[in-house]
2 protein chains.
Amino acid sequence: MQTRPTLKDVAELAGVSFKTVSRVVNGENGVSPAMHAKVQEAVDTLGYRRNHSAQALRKSGQRLGTIGVVHADIANPFAAAVHQAIERYARDHDTLLLSGSTTEDVEQQDRLVEAFVARRVDGLAVIPSGDEPGPALRQELQRGTPIVFIDRDPGVRADLVLSDHRDGARSATSHLLAHGHTRIGFLGSREQTVSVQQRRRGFDEAMRSVDGAISTVRTDLTSVAVAERAVHELFADRGAAPTALFAAQNLAATGAVRALHQLGLQHEIALVAFDHIEIADIVEPGITTVPQNADEVGRRAAELLFARIGGNANEAQRIVVPVDLVERGSGELRPR
Amino acid sequence: MQTRPTLKDVAELAGVSFKTVSRVVNGENGVSPAMHAKVQEAVDTLGYRRNHSAQALRKSGQRLGTIGVVHADIANPFAAAVHQAIERYARDHDTLLLSGSTTEDVEQQDRLVEAFVARRVDGLAVIPSGDEPGPALRQELQRGTPIVFIDRDPGVRADLVLSDHRDGARSATSHLLAHGHTRIGFLGSREQTVSVQQRRRGFDEAMRSVDGAISTVRTDLTSVAVAERAVHELFADRGAAPTALFAAQNLAATGAVRALHQLGLQHEIALVAFDHIEIADIVEPGITTVPQNADEVGRRAAELLFARIGGNANEAQRIVVPVDLVERGSGELRPR
DNA sequence: CTGTCCTCTGACAACGTTGTCAACCCCCAA
DNA sequence: TTGGGGGTTGACAACGTTGTCAGAGGACAG
């Protein structure tokens with residue numbers, strides 16, 4: 001990439017001072033029409049684009065119209081939907097998104113935070129990995145950098161928007177219990193992930209409320225394939241196996257559905273899945289889910305973040321977006 | 001956000017010149033151990049982070065470790081998967097991703113390109129919207145800015161990585177024809193989208209190769225809901241309706257599957273879908289697909305882009321990633 | 001003991017932009 | 001005719017960093 005034209009280059013071509021070009025480029029008034037036209041022509045000829053770094057440097061301390069989004073896994077449909085919701089909001093505020101994905105690695109998360117901070121983003125939206133922030137993120141929190149956490153409690157006081165994991169899991173589990181199940185399997189993804197821990201807690205609470213209810217727990221089902229295998233193992237011995245499953249995360253849910261179908265058990269083993277599943281209503285039986293509202297989560301998070309960036313210094317807020325169970329058949333199967 | 005500490009602030013605290021701090025921060029040698037320790041302590045105390053804008057400005061013309069990714073729709077699973085593949089590659093090259101989504105709007109695409117260029121990204125990866133680039137993008141191409149296009153032919157000479165849309169559509173359609181169908185419906189998303197045009201072309205070619213084959217074409221099915229409705233309409237009059245469907249895009253495919261199931265036609269009307277569908281093997285019958293290899297597409301695109309950034313000045317390359325049909329049942333249904 | 005070289009440190013300019021201020025020109029009123 | 005004022009334009013500093021260069025001081029050889 002060759003060097004780009006600067007204000008000075010344009011000025012030279014137009015035969016004026018570079019400050020005048022700056023005025024034209026920024027649409028400031030106090031430039032005569034003739035001068036404006038002459039400069040504009042030179043700008044177009046050279047294809048001048050303002051150097052954002054120089055501008056940012058000059059106006060350091062001010063907002064620059066960029067926020068950083070730190071994902072745990074951008075390929076997760078929930079994360080992608082949240083991303084889109086944030087972007088939609090940001091666009092209305094003339095703000096761009098820098099983004100990165102940590103693959104659930106706290107160190108990579110810190111590296112991203114440092115890279116974003118070095119670029120002097122106006123603020124950060126973080127879907128936190130691990131159970132607590134790394135040193136870099138912690139320091140930014142302390143500095144008062146505008147930060148909003150999404151989907152998972154970061155374990156520190158800060159703005160946070162998340163679904164009601166615990167209540168969703170509790171109602172999913174209660175739903176299964178209400179349909180007569182007493183042996184229920186819990187399928188979780190990364191055990192370290194706080195949101196999953198919350199769902200686990202909701203599950204446990206519901207199970208404890210019924211005498212004699214027996215839990216079977218499988219965690220660290222971090223991909224569709226792993227979850228699929230786990231369910232196969234679970235039903236290798238039908239005698240001890242649960243009669244219903246609560247899949248606490250979308251990938252685990254997909255794996256579970258797949259395995260149940262492969263085993264021909266989809267009409268016998270009840271299933272409730274946390275999070276949205278694309279064609280939950282097409283499979284037979286339809287999959288009862290507790291879908292998250294990614295749009296709402298993303299939008300509320302963006303609102304909080306931009307409020308902070310705008311100078312809001314109130315106490316940290318915690319927004320819990322409710323979730324509601326959607327019956328589609330799989331969760332209403334009764335034990336044989 | 002209050003102002004951040006600068007080299008000068010650290011220098012003052014440590015009682016040295018700011019140039020010495022610069023040396024320590026950059027790990028340059030020629031600093032005595034005692035000095036290094038003293039400075040490092042001050043750096044840690046203040047939580048100094050280098051100002052990327054200033055660094056970028058000073059070394060203008062050099063690479064800065066940021067690339068811009070312009071999506072047409074980041075929430076599309078294919079795009080998200082490509083994004084992730086690019087990021088994985090970029091991370092190995094110490095490069096960050098700036099990203100934005102155009103919602104298929106050429107003007108928004110140009111706005112994003114300008115914003116990225118203003119930030120002096122090292123290069124751009126673009127999933128192009130519309131059928132030709134806007135003026136800003138066009139200018140960057142002319143400037144020789146490293147740019148790689150993904151998934152869709154942009155209509156200009158430039159590096160390009162895409163799936164073999166035409167061949168995939170042709171083989172999908174031939175597959176249906178080979179199973180005895182002569183009335184086949186084409187379900188397309190945005191008609192302006194080049195990749196969809198290519199799939200349409202492949203479909204037409206296959207249809208023309210068989211005497212008496214009748215096409216029914218529905219396009220601009222831009223969401224699952226719209227596609228669903230279109231399929232309902234298509235089968236309002238069973239007499240004239242096709243006996244098989246080729247869904248040329250993932251959202252259209254999902255809509256089609258949903259409608260067929262609602263109509264109870266999933267065992268009568270054959271269906272082949274372009275692109276990956278998450279639980280294609282779970283529904284009954286399984287959905288025969290022509291999946292794209294998003295990982296491969298993203299990786300190859302990143303390779304091309306980084307080669308350009310690295311100075312490769314060879315002629316523009318066009319990489320076509322093959323696609324292969326996967327039989328799962330829905331595409332092998334024969335007409336009644 | 002002196003000169004030379006090497007190590008460490010600092011002064012200064014420059015990157016491209018914007019804010020401040022001064023200078024200029026022309027017009028109009030006294 | 002002259003002075004003042006408004007409208008334009010330009011000179012210059014500053015943002016925070018890195019590259020260049022020079023200077024200070026110590027070690028070592030002659």
Side-chain angles (χ1 to χ4, degrees), chain A residues 1-40 42-43 46-66 114-115 117-121, chain B residues 1-40 42-43 46-66 114-115 117-121:
Chain A
M1 193 155 47
Q2 35 188 328
T3 78
R4 292 178 167 279
T6 68
L7 285 180
K8 216 191 289 184
D9 298 324
V10 178
E12 208 161 316
L13 177 64
V16 300
S17 83
F18 73 94
K19 176 65 216 192
T20 299
V21 181
S22 167
R23 277 193 258 263
V24 171
V25 168
N26 290 305
E28 292 174 26
N29 46 17
V31 179
S32 69
M35 182 65 88
H36 186 100
K38 191 167 63 173
V39 170
Q40 187 62 52
V43 165
L46 294 181
Y48 170 79
R49 309 271 175 212
R50 176 196 282 127
N51 183 324
H52 180 263
S53 291
Q55 186 183 32
L57 180 58
R58 187 56 175 76
K59 345 181 92 174
S60 48
Q62 293 180 49
R63 279 185 266 155
L64 306 168
T66 317
E114 292 200 353
V117 166
R119 284 167 175 75
R120 297 296 188 267
V121 293
Chain B
M1 192 157 46
Q2 37 188 326
T3 78
R4 292 178 168 280
T6 68
L7 285 181
K8 216 191 290 184
D9 298 324
V10 178
E12 208 161 317
L13 178 62
V16 300
S17 85
F18 72 95
K19 177 65 217 192
T20 299
V21 180
S22 168
R23 277 192 257 265
V24 171
V25 168
N26 290 304
E28 291 175 28
N29 45 18
V31 178
S32 70
M35 183 67 89
H36 185 100
K38 191 168 62 174
V39 170
Q40 187 62 54
V43 165
L46 294 182
Y48 169 80
R49 309 272 175 211
R50 175 197 282 128
N51 183 325
H52 181 263
S53 290
Q55 186 183 31
L57 181 58
R58 188 56 175 76
K59 346 181 92 174
S60 48
Q62 295 180 45
R63 279 185 266 153
L64 307 168
T66 317
E114 292 200 353
V117 165
R119 284 166 175 76
R120 298 294 189 268
V121 292

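Below, all heavy atoms of this structure are taken into account, side chains as well, without hydrogens, waters or symmetry copies.
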Original post:
Looking at Thr20(A), does any N or O in its side chain come under 4.0 Å of the phosphate oxygens OP1/OP2 on dT9(D)?
Top reply: no
Hey, can you pull the donor-acceptor pairs under 3.5 Å for the side chains in residues 57-65 of chain B, sequence neighbours left out?
unit_1   : atom_1 : unit_2   : atom_2 : d
Ser60(B) : OG     : Leu57(B) : O      : 3.1

Subject >> Proximity to DNA chain D (any heavy atom under 4.0 Å), residues of residues 30-40 of chain B only >> reply: none
Subject >> Verdict with supporting geometry, Tyr48(B) and Val21(B), side-chain contact (heavy atoms from CB on, under 4.5 Å) >> reply: CA-CA 10 Å; Tyr48(B) 169 80; Val21(B) 180; 5.7 Å; no
Kindly list each side-chain donor-acceptor pair under 3.5 angstrom involving residues 25-36 of chain B, sequence neighbours excluded, with atom names and distances?
unit_1   : atom_1 : unit_2   : atom_2 : d
Asn26(B) : OD1    : Arg50(B) : NH2    : 2.2
Asn26(B) : ND2    : Ser22(B) : O      : 2.9
Asn26(B) : ND2    : Ser22(B) : OG     : 3.4
Ser32(B) : OG     : Met35(B) : N      : 3.4

Original post:
Which atoms form the tightest heavy-atom contact between Pro5(A) and Gly47(A), and what is the distance?
Top reply: CG-O, 4.1 Å
I'd like a table of donor-acceptor pairs (distance under 3.5 Å, sequence neighbours excluded) in which one partner is a side-chain atom from residues 8-19 of chain B, with atom names and distances.
unit_1   : atom_1 : unit_2   : atom_2 : d
Asp9(B)  : OD2    : Thr6(B)  : N      : 2.8
Asp9(B)  : OD2    : Thr6(B)  : OG1    : 3.4
Ser17(B) : OG     : Lys19(B) : N      : 3.4
Ser17(B) : OG     : Thr20(B) : N      : 3.4
Ser17(B) : OG     : Thr20(B) : OG1    : 3.4

Subject >> Listed partners of Arg119(B) passing salt bridge (charged side-chain N to carboxylate O under 4.0 Å, His left out), at least two apart >> reply: none
Original post:
So do the side chains of Arg120(B) and His52(A) get within less than 4.5 Å of each other, counting heavy atoms only?
Top reply: no
**OP:** Give the angle between the helix axes at the two ends of the helix from dC1(C)-dG30(D) to dA30(C)-dT1(D), taking five base pairs at each end and rounding to 10°.
**Re:** 60°
Subject >> With Gln55(A) via side chain to side chain donor-acceptor pair (under 3.5 Å) - residues at least two apart >> reply: none
Original post:
In B/S/- notation, 5' to 3', how is nucleotides 12-21 of chain D contacted by protein heavy atoms closer than 4.0 Å?
Top reply: BBBBBBBB--
